[in-house]
Structure formats: structure tokens, C-alpha cells
Undergrad: 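Sharing a structure below in C-alpha cells format, with a few things to ask.
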2 protein chains.
Amino acid sequence: MTNLLPMADEPAPERSDAARNRQAILAAALELVRTRGVDCVTMDTVASVAGVGKGTLFRRFESREGLMAAVLNESEAAWQADVISGPPPLGPGAPPLERLLAFGHSRLRTNVTHGALIKAATGDSSARSRAAASFAVMHVRHLLSELRVTGDLVLLSIAVLAPLDIVVIEQQQRDNISLERIEAGWDDLVRRVVGC
Amino acid sequence: MTNLLPMADEPAPERSDAARNRQAILAAALELVRTRGVDCVTMDTVASVAGVGKGTLFRRFESREGLMAAVLNESEAAWQADVISGPPPLGPGAPPLERLLAFGHSRLRTNVTHGALIKAATGDSSARSRAAASFAVMHVRHLLSELRVTGDLVLLSIAVLAPLDIVVIEQQQRDNISLERIEAGWDDLVRRVVGC
DNA sequence: AATGAAAGCGGACCACGGTCCGTTTCGACC
DNA sequence: GGTCGAAACGGACCGTGGTCCGCTTTCATT
């Protein structure tokens with residue numbers, strides 16, 4: 001008798017066919033998103049291109065948003081790596097304020113270029129997606145603390161990040177506000193929050 | 001020969017049956033949202049309760065989001081009236097900083113209580129919905145200007161409003177951050193932006 | 001290699017948002 | 001009241017995300 005009661009946090013290894021299918025699905029989704037644009041990619045199409053049934057997509061990725069979050073993750077992980085260990089001023093080495101501004105600019109550009117995919121991926125409150133959000137909060141919080149900012153740093157971080165949200169940005173673009181102006185406005189905000 | 005070329009901005013009066021139907025649809029939608037909750041209200045249901053065909057819903061309200069925006073508008077208009085001409089500190093009469101803080105608190109509460117409906121209504125870039133967004137920007141911009149804040153006031157207004165967005169708020173609530181803490185954090189943000 | 005059961009699979013099926021177009025209603029003009 | 005064009009109507013229809021359940025595959029055990 002070994003382990004009749006379920007152990008908490010057992011990794012639950014993945015069966016070989018399941019792993020194969022997940023790879024196939026991700027590859028198909030990635031390719032389709034790249035060629036057709038995220039809004040023209042249906043779950044049926046992904047399934048047939050990947051050569052699996054539709055049910056398999058939903059078992060592996062929960063929902064369309066979940067699948068898109070997984071696709072997005074490919075580039076997002078690279079970006080996070082740049083932030084953590086890339087060259088300055090985004091990566092470590094530059095003074096904190098410079099890093100913070102570089103972070104915002106980089107996040108802004110990323111949100112604009114991957115806007116459609118990000119919108120297709122957000123709204124799912126999966127662990128992966130929430131982790132992505134909290135990575136940014138964690139990083140900004142860290143930089144604010146290095147800048148000797150006092151107060152509720154988590155809340156301040158959220159407040160500083162909120163205007164970079166793709167939905168907010170797109171609203172401003174519809175109002176014919178240029179990216180440069182948005183960027184300058186954000187810099188101003190940061191300086192005020194940091195305290196001159 | 002009168003007016004063969006279409007005149008710009010002619011109000012285009014509404015036929016009597018059209019007006020009647022719009023009223024019936026709005027009433028049905030309002031009632032259904034109140035009793036069942038917005039997420040359980042389908043367009044088919046609204047149509048059948050209102051006693052009209054589904055096509056009529058979409059002709060009048062463009063989309064589900066448009067219909068929900070119309071429903072939301074009922075309460076939103078009352079709120080805007082309070083802001084413009086209600087009692088202080090939300091309405092005129094109080095000093096600008098107090099008004100600004102009261103505005104944020106009020107907006108925060110409203111977003112929390114009407115969260116589901118607001119989420120169902122946003123995303124449509126209809127004139128009505130964009131007007132609602134820009135009303136808030138306009139008001140905050142006005143208060144900031146009274147507070148002698150200098151800089152790109154539109155961008156600052158957007159930045160100050162962004163953390164009050166229902167999506168941002170719900171994320172924080174999932175992280176077990178209390179409303180009081182969110183409120184205090186926002187007050188802090190405002191004070192920093194205004195400049196102590 | 002045989003076996004058994006759990007994990008995985010897949011595609012028929014459903015619900016809902018949104019469209020289309022033949023039919024009905026309105027109301028301006030005679 | 002009759003006529004007629006335009007506007008509005010409504011419900012059949014479609015595409016898409018998501019579910020369900022009977023069948024298949026994997027793999028630990030022997």
C-alpha cells in the first residue's frame with residue numbers, strides 16, 4: 001500500500017502522448033497567430049492544424065484565453081529575462097530611476113506591439129497570467145524601494161503600472177495622443193510619485 | 001427638389017414603432033439585469049421578454065455591449081449629475097483636493113458595486129461609452145487645474161484614473177487587498193501627483 | 001508479453017452573439 | 001381613404017467558444 005491518500009503538491013507527471021499533443025498545439029497556435037493575426041485564429045483551426053481534437057485543446061489550455069496566454073508567454077518570458085538580467089538600463093546596472101523609466105518605456109512598446117495578443121490572453125485569471133502581472137508589480141516595487149520611496153509600495157506600483165495597460169493605451173491612441181506624449185506623460189507621473 | 005444631398009447632422013427622427021420597441025427593450029434588459037445578474041442575461045431572453053425579434057435588439061443597440069452600456073447609462077447619468085451639481089464634497093463647493101478625493105472614492109465604490117455590468121458594457125467603443133470615459137478625464141483635469149498642477153493635465157488625469165479601473169481593482173481584490181487599503185493607496189497617489 | 005485501470009482523446013453537440021433578407025408597418029403626400 | 005417608398009421588423013441561420021462522454025492509449029505491474 002503506497003499512497004492511497006492523494007499527496008498535496010505531487011507534480012503529476014505528464015503522459016507521453018499528452019506532452020506530444022501540447023507541443024503540437026502550441027506550435028500550431030504560434031504559427032497561426034504569426035501568419036493570420038490573433039483575431040483570425042479559431043480554436044477549431046488550431047485543433048485541425050495541430051492534428052488533435054478540439055477537446056484536447058480545452059483540456060490542456062482551459063480556454064481560448066489560456067491558449068493565447070501560453071502563446072504570449074513565449075515572448076513574455078524573454079522580456080522578463082531582459083528585465084532581470086539583460087543589459088542596462090532595462091537590466092541591472094543602471095541607477096534605479098533610469099531603470100524604472102526604461103522599464104515603463106519597454107513595457108509600453110511591448111504592450112503596443114503585442115496589443116491584440118495581450119488582449120486575447122488577459123481576462124483569464126489563470127496562475128500563469130496572474131504571475132505575469134505580479135512580476136511587473138514586484139519589479140517596480142523593488143525599484144521604488146531602491147529609490148527610497150516610502151508608503152504602500154505595492155499600491156504605488158499598481159498605480160504606476162495601470163496607465164501602461166493596453167486598454168488604457170488604446171483609448172488614448174483613439175484620441176490621437178501620440179506614443180511620445182504618452183511616454184512623456186508616464187515619465188512625469190513616475191517623477192511625481194518618486195518625489196522629484 | 002429639397003435636400004437630395006444628405007445634410008450632415010440631421011437628427012433623423014425616430015419612427016413611433018422604433019421608439020416603442022427601444023423603450024420595451026431597455027425596460028426588459030434593466031429588469032433582467034436586476035433580477036438575474038448581468039452574466040445570465042442573453043440577447044435571446046431580452047428579445048423574447050421585450051416581445052421583439054432579435055434583429056431589433058441589434059439594430060437599436062449594435063451589440064450586447066452596446067445594450068449593456070445603455071442599461072448602465074441609467075445609473076451613470078445620475079452619478080454624473082451628482083458630480084456636477086450634487087452636494088459637496090463630491091459636488092461643487094468643497095475645496096478641489098477634497099473634491100478630487102471624494103470623486104475617486106465615489107468612483108471606486110461605483111466600480112465595485114456595478115463591476116459586472118461595467119465589464120459587460122466596456123470594450124464597445126461606442127460614442128456613449130467613450131463619452132463616459134472622457135467625462136471622468138474632463139472632471140479630474142478640471143480639478144487638477146484648480147489645484148494649480150502644471151504639466152500635461154490630460155495625461156495626468158488618465159494616470160490618476162487608471163488605477164480605479166474595475167479590472168485593476170478586481171485583480172487587487174483577488175490578491176486580498178482590502179477596499180480601505182486601495183482607497184488609502186489612491187489618496188496617496190493623488191497627493192503625490194498634486195505635489196504634497 | 002499480457003493485463004487492467006486511469007489518463008487522455010476527439011468530435012458530435014450545445015448556447016450564445018451576431019447577420020441577413022423577405023415581409024410588415026409607418027407616415028407623407030395626394 | 002388610398003398609394004407608395006422608406007424604415008423597421010423578426011426569426012431562420014451561421015460561426016465560434018466551450019462541454020460531454022464513449023472509445024483509445026499509455027504504462028506500471030506481473
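Throughout, a chain's letter reflects where its sequence line sits, starting with A, and its residues are numbered from 1.
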Undergrad: With the threshold set at 4.0 Å, does a side-chain nitrogen-carboxylate oxygen contact exist between R34(B) and E74(B)?
TA: no
Undergrad: I'd like to know if R59(B) reaches the base of dA8(D) with its side chain such that a donor and an acceptor end up less than 3.5 angstrom apart.
TA: no
Undergrad: Considering only dG18(C), dC9(D), dG8(C), which nucleotide approaches the side chain of S63(B) most closely?
TA: dG18(C)
Undergrad: Decide, yes or no, whether a salt bridge links E180(B) with R109(B) under the criterion of side-chain N to carboxylate O below 4.0 Å.
TA: no
Undergrad: Looking at dT19(D), dA8(D), dT25(D), which one has an atom nearest to any side-chain atom of K54(A)?
TA: dT19(D)
Undergrad: Hey, which sits more toward the 5' end of DNA chain C by its nearest nucleotide, S16(B) or E62(B)?
TA: E62(B)
Undergrad: Does R15(A) make a side-chain donor-acceptor contact with the base of dA7(C), cut-off 3.5 Å?
TA: yes
Undergrad: Using a heavy-atom cut-off of under 4.0 Å over every strand shown, decide if R22(A) touches base, sugar-phosphate, or nothing.
TA: nothing
Undergrad: Does the Lys NZ or Arg CZ of R181(A) fall within the cation-pi geometry relative to W186(A) - under 6.0 Å from the ring centre and within 45° of the axis?
TA: no
Undergrad: Any carboxylate oxygen within less than 4.0 angstrom of a Lys/Arg side-chain nitrogen, looking at R36(B) and E31(B)?
TA: no
Undergrad: Looking at dA8(D), dC9(C), dG17(C), which one has an atom nearest to any side-chain atom of R60(A)?
TA: dC9(C)
Undergrad: Which part of the nucleic acid does R64(A) contact within heavy-atom distance under 4.0 Å: base, sugar-phosphate only, or nothing?
TA: sugar-phosphate
Undergrad: Tell me which residues in residues 23-48 of chain B lie within less than 4.0 Å of DNA chain D, going by non-hydrogen atoms.
TA: none
Undergrad: Please determine if R20(B) and E14(B) form a salt bridge, counting it only when a charged side-chain N lies under 4.0 Å from a carboxylate O.
TA: no
Undergrad: Hey, does the side chain of N21(A) come within less than 4.0 Å of dG8(C)'s phosphate (OP1/OP2), counting only N and O?
TA: no
